[in-house]
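We count ligands from 1, going down the list as the structure has it; atoms in each ligand are counted the same way.
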Amino acid sequence: MTDTYDLVIIGGGPGGYNCAIRAGQLGLKVACVEKGETLGGTCLNVGCIPSKALLHASEAYENVNTTYGALGIKASGVSLDLDKMMASKVETVDGLTKGIAFLFKKNKVEHITGTGRITGAGKVEITPAKGKKTTLTTKNIVLATGSEVTPLPGVKIDEQRLVSSAGALSLPKVPKSMVVIGAGVIGLELGSVWRRLGADVSVVEYLPRILPGADGEVAKQAQRAFKRQGMGFHLGMKVTGVEKLKTKLKLSMEPAEGGDTQVLEADVVLVCIGRRPFTQGLGLEEAGVKTDPRGFIETNNWQTDAAGIWAIGDCTTGPMLAHKAEEEGTACAEAIAGKAAHVNYGVIPGVVYTAPEIAWVGRTEEELKEAGVAYKKGAFPFTANSRARANHETTGFVKVLADATSDEILGVHMMGANVSEMIGEAALAMEFRAASEDIARTCHAHPTLSEALRQAAMGVEGWTMQM
Ligand code: FAD
Ligand code: NAD
């Protein structure tokens, strides 16, 4: 361990592990320091993957009992084996984290288990869970330490009854009732999981709308769909406290604008009001790495203010998404290797994996209006898409926003079944700076859900055709 590394990465999540693998491919001598027992970070261990495993399984469970009837499938004696569902989730996570370890070996990335800290220029001290500290010498350091749950003042998470997303991914039994604080991505996804499995779920949100950041029209229609499924919403409400009673939790809230206190009771309360950068104990100040007032590491093309120290992923500004971290990890490794490196921050898709799914890329109507950009709009509902009709999955629509003069696509917003798989086409089109007419004149296979995107693009010039 006395050799000098080209690169030492602190953090083995999607930012760190993609950076490490790309650096290995480019021939750099690279080590990735991860304090957790497994690689993969939040995403693989307690984020994207376990949540998607439970979303998939719980949706199948609900469909057997509900929508499959309309397809002529009769099911009786269907029951939930929650332990098995959780075991299946764990098996998926295990397989994928081991896959990263395999990719590290394949690309000559050294995996070091321990907590990393910058102790001087080009010095990373490693503290393992057991045993002696060591110090690595390196030309470059990449900080990829991710994020942690934003706490709600006065509410202490115990991961049993008062849970964060991590606890909500591993509840040992289905609660009779659950209150979710925060109608963002985690609240809607994990609220959906437990509602489908039998919990009575209501969501308390500070703002007067769900999903801030998503297009307003999509958010409105999505809320209607979730309401029809039985999810309750208390919008524009501020939580003032959660009291632990013997068996129940008593949540107090009042209107954000001020007003009388209201009380909700639940077996489990899920706190998901956002995440904040995690940079504790890294020695940032001593190393001269600047953070903004919210604690995010400030970067310019992934370089911090301190020479040879870079930062990527959730611990820096921008959307807290695995694919954003991955893009930055790859680009940062390429920049360190002296290659041209680029991330197109205008084309990072967002997806909410509920049913219906919600997906978007580019700017919302609200953002375009605020920026004073003149735009044209085409929309198409899934009720008029033949594949959606055949599948009995007609909730939702696709909306294409294009520049009023040049026709360049500025944003695409979708709600419907499988739109997580459809948004890639819109992202690719935007990456190539396509016009809406380019999608409108591209032959799409019939019958597919993606024809709805084409029809919405045709709608920009007013020539949408029904079915
Ligand atoms: P992380 O994945 O958080 O990894 C950081 C790693 O650094 C961790 O493993 C941590 O242990 C390690 N670390 C920290 N400090 C040190 C240190 N000093 N020394 C050594 N190691 C250290 N995003 C999506 O795009 N799609 C989704 O579907 C999605 N679902 C999500 C669901 C949930 C419930 C949650 C919580 C998040 C979800 N996200 C999703 C967000 C996604 O998980 C993050 O954006 C992504 O993991 C960020 O990657 P990262 O590499 O920046 O950080
Ligand atoms: P979020 O930012 O998506 O939503 C938090 C919600 O809580 C917002 O609607 C906000 O207005 C509300 N809120 C904030 N303070 C509140 C308060 N005191 N009382 C009531 N409501 C309050 O955050 P999240 O859902 O916790 O997710 C964290 C991060 O994880 C997000 O940045 C997201 O990108 C990422 N994530 C992504 C996915 C995905 O891509 N599918 C899934 C899960 C998580």
Side-chain angles (χ1 to χ4, degrees), residues 9-19 32-52 54-55 97 112-118 124-127 143-155 164-166 168-169 180-191 203-214 219 234-240 253 256 270-283 311-316 318-326 328-329 348-354 357-359 420:
I9 299 160
I10 307 182
Y17 78 70
N18 281 287
C19 185
C32 181
V33 185
E34 168 57 54
K35 65 180 178 170
E37 282 168 22
T38 52
L39 291 165
T42 304
C43 170
L44 261 65
N45 293 288
V46 285
C48 322
I49 301 303
S51 60
K52 265 79 260 179
L54 292 183
L55 278 157
T97 55
I112 299 174
T113 304
T115 302
R117 175 185 170 81
I118 306 171
V124 177
E125 180 188 77
I126 319 282
T127 308
L143 304 172
T145 48
S147 60
E148 62 178 355
V149 174
T150 302
L152 183 60
V155 177
S164 73
S165 54
L169 287 167
V180 173
I181 308 177
V185 195
I186 293 180
L188 296 172
E189 287 188 354
L190 295 183
V203 183
V204 181
E205 164 63 47
Y206 185 78
L207 296 174
R209 57 164 290 176
I210 67 166
L211 283 179
H234 304 271
L235 302 185
M237 297 301 282
K238 187 166 71 183
V239 174
T240 50
M253 59 182 186
L270 163 59
V271 180
C272 44
I273 57 165
R275 293 178 65 85
R276 62 183 186 186
F278 180 80
T279 56
Q280 264 171 40
L282 275 178
I312 54 172
D314 277 13
C315 64
T316 64
M320 288 182 157
L321 295 171
H323 43 281
K324 178 263 194 184
E326 176 182 340
E328 290 186 334
I348 293 180
V351 176
V352 189
Y353 296 82
T354 43
E357 290 184 336
I358 296 159
S420 59

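Annotation for ligand 1: atoms under 4.0 Å from non-hydrogen atoms of Gly313 are 52 (O). For ligand 1, the atoms lying closer than 4.0 Å to a non-hydrogen atom of Ala144 are 5 (C), 6 (C), 7 (O). Here is the list of ligand 1 atoms found below 4.0 Å of a heavy atom in His323: 25 (O). Listed by atom number, the atoms of ligand 1 under 4.0 Å from Ser165 heavy atoms are 34 (C), 36 (C). Ligand 1 places these atoms under 4.0 Å from at least one heavy atom of Ala325: 49 (O), 52 (O). Residue Phe278 approaches ligand 1 through these ligand atoms, each under 4.0 Å from one of its heavy atoms: 14 (C), 15 (N). Interface atoms of ligand 1 facing Ile10, defined by a heavy-atom separation under 4.0 Å, are 17 (C), 18 (N), 19 (N), 20 (C). The ligand atoms of ligand 1 that sit less than 4.0 angstrom from a heavy atom of Met320 are 41 (C), 45 (O).
For the side-chain hydrogen bond (donor to acceptor under 3.5 Å, both in side chains) test, no residue two or more places apart in sequence or in another chain qualifies with Lys35.
Remark: the backbone N or O of Pro14 is not paired with any side-chain donor or acceptor of Glu326 at under 3.5 angstrom. One N or O on the side chain of Arg209 and one on the backbone of Leu211 form a donor-acceptor pair closer than 3.5 Å. When atom types are taken as modelled, the side chain of Thr150 and the backbone of Gly274 share a donor-acceptor pair closer than 3.5 angstrom. Proximity of a side-chain donor or acceptor of His234 to a complementary backbone N or O of Glu205 within less than 3.5 Å is not detected. A side-chain donor-acceptor contact under 3.5 Å links Lys324 to the backbone of Gly313. No donor-acceptor pair closer than 3.5 Å links the side chain of Glu357 to the backbone N or O of Val352.
Atom 16 (C) of ligand 1 has as its closest protein heavy atom Thr145 CG2, 3.7 Å. In this structure, the protein non-hydrogen atom closest to atom 13 (N) of ligand 1 is Lys35 CE, 3.8 Å. What sits closest to atom 51 (O) of ligand 1 on the protein, heavy atoms only, is Gly15 N, 2.9 Å. Atom 3 (O) of ligand 1 has Thr42 OG1, 2.7 Å as its closest protein atom, hydrogens excluded (heavy atom only). Protein heavy atom in closest approach to atom 11 (O) of ligand 1: Glu34 OE2, 2.7 Å. At the top of the distance list for atom 18 (N) of ligand 1, counting protein heavy atoms only, stands Gly116 O, 3.0 Å. The shortest contact between atom 35 (C) of ligand 1 and any protein heavy atom is with Gly47 CA, 3.6 Å. Protein heavy atom in closest approach to atom 24 (C) of ligand 1: Ala322 N, 3.5 Å.
Residue-level proximity to ligand 1 for Tyr353 is carried by the side chain, the only part with a heavy atom below 4.0 angstrom. Contact annotation for Cys48 and ligand 1: heavy atoms of both the backbone and the side chain come within less than 4.0 Å of the ligand. Residue contacts with ligand 1, taken as heavy atom pairs separated by less than 4.0 Å, do not involve Gln280 at all. Of all the heavy atoms of Ala166, none lies under 4.0 Å from any atom of ligand 1, so neither backbone nor side chain is involved.
When Ile10, Thr279, Ile312 are each tested for a side-chain contact (heavy atoms from CB on, under 4.5 Å) with Leu143, only one passes: Ile10. Across Ile186, Val203, Leu188, Leu190, a single residue satisfies side-chain contact (heavy atoms from CB on, under 4.5 Å) together with Val180, and that is Val203.
We find that Arg275 and Glu148 are not joined by a salt bridge, their nearest charged nitrogen and carboxylate oxygen being 4.0 Å or further apart.
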Next item on the list: Could you give me the CA-CA distance, side-chain angles and deciding distance for Lys52 and Ser420, then say whether side chain to side chain donor-acceptor pair (under 3.5 Å) is met?
Entry: CA-CA 12 Å; Lys52 265 79 260 179; Ser420 59; over 6 Å; no
Margin query: As a quick check of understanding, evaluate side chain to side chain contact (heavy atoms under 4.5 Å, CB included) for Val271 and Ser164, giving each step before the final call.
Written below: CA-CA 5 Å; Val271 180; Ser164 73; 5.8 Å; no
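At least one heavy atom of Gly114 sits closer than 4.0 Å to an atom of ligand 1. For Gly281, the heavy-atom gap to ligand 1 stays at 4.0 angstrom or more. Under a 4.0 Å heavy-atom criterion, Arg275 is in contact with ligand 1. Look at Lys52 and you'll find a heavy atom under 4.0 Å from some atom of ligand 1. Ligand 1 lies within reach of Val46, whose nearest heavy atom is under 4.0 Å from it.
For ligand 2, the protein residues within 4.0 angstrom (heavy atoms only) are Lys52, Leu152, Ile181, Gly182, Ala183, Gly184, Val185, Ile186, Glu189, Val204, Glu205, Tyr206, Leu207, Pro212, Cys272, Ile273, Gly274, Arg275, Met320, Leu321, Val351, Tyr353.
In summary, the side chains of Thr97 and Asn45 do not present any donor paired with an acceptor at a separation below 3.5 Å, with no hydrogens or angles considered.
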